[in-house]
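Everything quoted here is computed from the prediction, not taken from an experiment.
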Amino acid sequence: MRKTKYFLSLIFVLSSTILQSQHFITIDSLITLQSKQKGIVLAKTLNELSWEYTNKNDSLAINYAQKARKIGDSLGYSLELATSYIRLGTIYLDTNKFETAEYYLLKALELEKKEKHLSGIARAKAQLGKLNKKLRNYDSAIQLYEESLLIRKQENKKSKVASLYNNIAQLYKDKNDPINALKYYHKSIDLRDSIQDKKGLIKSYKNIGAFYNDLKKYKRALIELEKGKKISIELQDSIQLSSILLNMGTSYNYLNKLDSALVYFNKGLVLKEKLGIKKLEVVYHNLGSIKEKKNDLDNAIFFYEKSIAIAKQNKNKIQLIDTYLNLGKTYKKKQQYNKALVYYDKALALAETHKKEHRILGIILGKAKVYEQLGDYQKAHLYNERSIILSNELEKQAKANEEIIQKFKDQQIRAQNRSKIIEIEKEKLEVENQKKTTQLISLIIVSILTAILFFILFRYYKQRKQNQIAIQNEKIKQVEIEELLKNQELKSIHAMIDGQEKERKRIAQDLHDRLGSMLAVVKIHYKAIEENLEQMKVESKVQYEKASILLDEACVAVREISHDMVSGVLTKFGLIPALNELKQNIESTGALEIELIDYGFDDRIHNELEITIYRIIQELIGNTLKHANAKEMSIQLLKKETTINITVIDDGNGFDTCNIKSFSGMGIKGIQSRVESLQGSIFFDSGKGNGTTITIDIPINHQIYTI
């Protein structure tokens with residue numbers, strides 16, 4: 001697992017290094033060009049340099065844009081002057097200097113309108129929309145984005161249209177309007193998918209995943225985030241991947257799968273640190289949250305304070321709300337109630353400013369409990385009453401959101417049904433027209449109809465043949481899979497027999513070389529005593545003692561050989577090596593790619609338990625190969641102090657988990673039976689078209705065999 005993580009990290013770092021070197025090549029070439037240019041051409045190059053330095057060196061970016069502005073203004077070239085204003089407005093917007101940003105963006109829009117330059121108008125309105133979003137003027141921001149969207153549609157710039165859909169969705173999310181947010185997220189995804197804009201798809205899947213996390217639909221969030229993760233790995237987009245990993249960690253955190261959450265947070269943190277990304281406040285906040293849930297309160301405080309320092313530096317007030325709230329909870333757990341109140345008050349002030357009702361509810365509930373502990377029951381009662389009122393309001397809002405989301409799903413289903421009805425009506429109309437046409441010319445084209453009939457029959461026969469061949473191929477594939485699993489089992493058995501045979505030979509040799517010779521010497525000593533029974537004085541006593549010592553040594557040798565026998569068998573055969581061999585054999589066929597991750601198997605478990613777990617995983621792989629049509633599978637084994645957790649995930653067809661009891665095959669029933677025999681539990685999470693996740697927890701006997 002570690003090697004895979006470091007390998008992926010190395011790839012992303014190398015790819016980002018290559019991109020960075022290309023960026024410097026671009027800047028160097030532009031700097032060389034501008035020294036040889038004049039007039040409008042020089043202004044264009046200066047604007048390009050400003051763009052290249054944006055978010056990397058703001059002072060240089062402003063300097064180049066101002067130079068381009070002066071040239072454009074002096075020559076009266078409005079379009080390049082407008083570009084300079086856009087560059088300046090964007091830089092000041094990214095650095096949160098809103099008044100200056102608005103001044104330059106409005107100047108740009110004025111010039112673009114004067115020149116009737118549609119693309120420039122759309123660009124300026126989009127940036128003004130971004131400005132209004134940051135100022136939380138959501139209605140104005142939506143209107144500006146919609147106006148920009150109309151122009152981009154006229155220009156047929158689908159990539160920019162998809163990007164605007166995504167921005168509008170984010171605005172509706174901030175406005176607590178989930179139905180419109182979902183509508184625009186899906187518009188963005190559908191359009192980006194149709195034009196194969198994979199980089200854009202990563203952002204859309206990341207944003208809709210975060211949206212489902214906000215709605216507390218954590219399993220649905222993981223489905224969308226997994227899609228974004230897959231594409232970001234394919235494109236080696238480590239920046240987006242780092243954000244997706246952190247969002248997945250958040251999902252697992254709220255699902256209370258803390259170990260999985262910790263894995264994803266650490267992966268995201270490693271990537272962000274290697275990429276030099278400084279906005280790490282969310283990462284440290286989440287790490288603190290896990291430490292708090294595990295009651296490691298001092299480390300939780302350490303991570304929360306680190307998050308606060310970075311959030312203040314980045315002026316991320318929204319993140320500060322959550323971190324102050326959690327820090328208050330942590331100090332409450334430590335029974336440091338006055339400190340808890342300080343952080344609750346800080347969180348409450350920011351939450352009320354930014355109208356974050358869910359956060360406000362958590363804060364006032366926390367304050368009520370603190371005042372109860374301090375014995376100030378009057379204040380505790382006031383905050384409890386306020387929490388009840390707010391909780392009722394939020395519950396109503398949550399129900400409304402659920403209804404809205406369901407309504408959106410129903411609308412999608414109705415739209416699909418309408419399209420099907422239109423298609424059916426169209427087909428009916430075509431059939432009627434064809435029938436009329438056939439009636440009109442039936443006498444003339446009898447021979448043609450006969451030929452068509454013959455062609456249809458021939459095609460039917462051919463199609464039937466192809467179906468039969470396909471069924472036969474499927475049967476052959478099933479036989480091959482079963483044969484592969486049987487061969488793997490035979491290999492394991494042969495390996496075990498060979499190992500046992502070698503062990504027997506070694507034991508025989510040890511008995512012959514070590515114990516045999518020793519017992520022979522003992523026999524000689526006793527013979528000497530027997531021949532000198534009459535003279536059993538001092539010498540005979542010495543011989544007797546030597547014989548006794550040799551017998552003791554023989555007993556020690558027997559124990560050593562016995563120990564070597566046990567430790568040798570345990571060393572040669574183990575669960576993880578056996579699973580690795582199974583993985584290699586399956587992957588060598590090209591039928592399935594398997595990721596095997598194990599943690600905590602430094603010590604061996606009981607041999608019978610290892611064999612049963614091996615059979616369970618072997619059966620799960622067999623089921624996936626036979627039924628799922630999956631391309632990738634992940635097997636994760638985590639050994640804790642008292643349990644073994646097995647998680648198996650595939651990207652196959654999935655199935656309806658409600659129908660498990662009605663399955664006629666022995667596969668799943670056999671797996672359930674094996675798990676029950678180990679007093680374990682098994683959980684299936686699947687749906688048609690969404691792949692399958694199987695989670696198994698098995699208790700471990702307290703006796704562990706250490707090799």
Working to the nearest 0.5 angstrom, can you tell me the gap between D685 CG and L222 CG? 9.5 Å
Partner of E292 under salt bridge (Lys or Arg N to Asp or Glu O under 4.0 Å), chosen from K329, K334, K333: K333
Kindly say whether L320 contributes a backbone atom to a donor-acceptor pair with the side chain of T323 at under 3.5 angstrom? no
Taking S251 for the side chain and A221 for the main chain, is one N or O donor matched with an acceptor at less than 3.5 Å? no
Under 6.0 Å from the ring centre and within 45 degrees of the ring axis: does the NZ or CZ of K175 meet both conditions for the six-membered ring of Y172? no
Quick one about N57 and S59 (side-chain donor to acceptor, distance below 3.5 Å, no hydrogens or angles considered), yes or no? yes
Any donor and acceptor pair, going by atom type alone, linking the side chain of S686 with main-chain N or O of G691 inside 3.5 Å? yes
Shortest non-hydrogen contact between Q127 and L93, atoms and distance: O-CD2, 3.8 Å
Carboxylate-amine/guanidinium proximity below 4.0 Å for K369 and E372: no
Side chain to side chain donor-acceptor pair (under 3.5 Å), that's the test. Do E281 and H285 meet it? Break it down for me. CA-CA 6 Å; E281 56 266 35; H285 169 86; over 6 Å; no
Distance from D650 atom CG to I594 atom CD1, nearest 0.5 Å? 10.5 Å
Classify the ring geometry between Y371 and Y383 as parallel (under 30°), tilted (30 to 60°) or perpendicular (over 60°). parallel
Taking the side chain from Y304 and the backbone from S289, do they hold a donor-acceptor pair closer than 3.5 Å? yes
Examine distances only and state if a side-chain atom of N132 and a backbone atom of L128 form a donor-acceptor pair shorter than 3.5 Å. yes
Do you know the tightest heavy-atom contact between A340 and V370? CB-CG2, 4.2 Å
Would you please say whether a donor-acceptor pair under 3.5 Å links the side chains of S188 and S204? yes
Can a salt bridge be assigned to the pair D298 and K291 using a cut-off of 4.0 Å between side-chain N and carboxylate O? no
Dump the intermediate steps for side chain to side chain contact (heavy atoms under 4.5 Å, CB included) on F265 and T250, then the final yes or no. CA-CA 8 Å; F265 285 145; T250 301; 4.0 Å; yes
Ignoring hydrogens and angles, state whether a donor on the side chain of Y205 or E226 is under 3.5 Å from an acceptor on the partner side chain. no
Is N137 reaching over with its side chain to a backbone N or O of S140, donor-acceptor style, under 3.5 angstrom? no
When you measure from the side chain of K293 to the backbone N and O of N253, does any donor-acceptor pair fall under 3.5 Å? yes
Check the angle between the aromatic planes of Y264 and Y252 and answer parallel, tilted or perpendicular using the 30° and 60° thresholds. parallel
Salt bridge between D259 and K640, side-chain N to carboxylate O under 4.0 Å? yes
Just wondering, more than 12 heavy atoms not from K294 lying within 6.0 Å of its NZ? yes
Using distance alone, with no hydrogens and no angle criterion, decide if T612 and R674 have a side-chain donor and acceptor under 3.5 Å apart. no
Can you see whether F303 has K306 sitting over its ring - NZ or CZ less than 6.0 Å from the centre and within 45° of the normal? no
Identify the two heavy atoms, one from A101 and one from G89, that lie closest to each other, and give their separation to 0.1 Å. CB-O, 3.5 Å
Kindly state whether the ring of Y344 and the ring of Y324 have centres lying under 6.0 angstrom apart. no
Using the side chain to side chain contact (heavy atoms under 4.5 Å, CB included) rule, take I646 and I698 through it: C-alpha gap first, then chi angles, then the decisive distance, then the call. CA-CA 8 Å; I646 304 167; I698 296 170; 4.1 Å; yes
May I ask you to decide if the ring planes of Y331 and Y343 are parallel, tilted or perpendicular, using 30° and 60° as cut-offs? parallel
List the residues meeting ring pair (Phe, Tyr, Trp, His ring centres under 6.0 Å) with Y254, not counting sequence neighbours, and say none if there are none. Y218
Looking at R359 and A351, would you say the former's side chain and the latter's main chain have a donor-acceptor pair under 3.5 Å? no
Using side chain to side chain donor-acceptor pair (under 3.5 Å), reason through D697 and T695 one step at a time and then give a plain yes or no. CA-CA 7 Å; D697 287 302; T695 306; over 6 Å; no
More than 12 heavy atoms from other groups under 6.0 Å of NZ on K379: no
Could you go through L374 and N338, starting from their C-alpha distance and side-chain angles, then the distance that decides it, and tell me whether this counts as side chain to side chain contact (heavy atoms under 4.5 Å, CB included)? CA-CA 9 Å; L374 290 171; N338 289 324; 4.2 Å; yes
Are the side chain of N207 and the backbone N or O of K203 linked by a donor-acceptor pair below 3.5 Å? yes
Without hydrogens or angle criteria, can the side chains of E595 and S634 be said to hold a donor-acceptor pair below 3.5 Å? yes
Got a salt bridge between K198 and E234, using NZ or NE/NH1/NH2 to carboxylate O under 4.0 Å? yes
Return yes if some donor-acceptor pair links the side-chain N/O of N247 with the main-chain N/O of S243 below 3.5 Å, else return no. yes
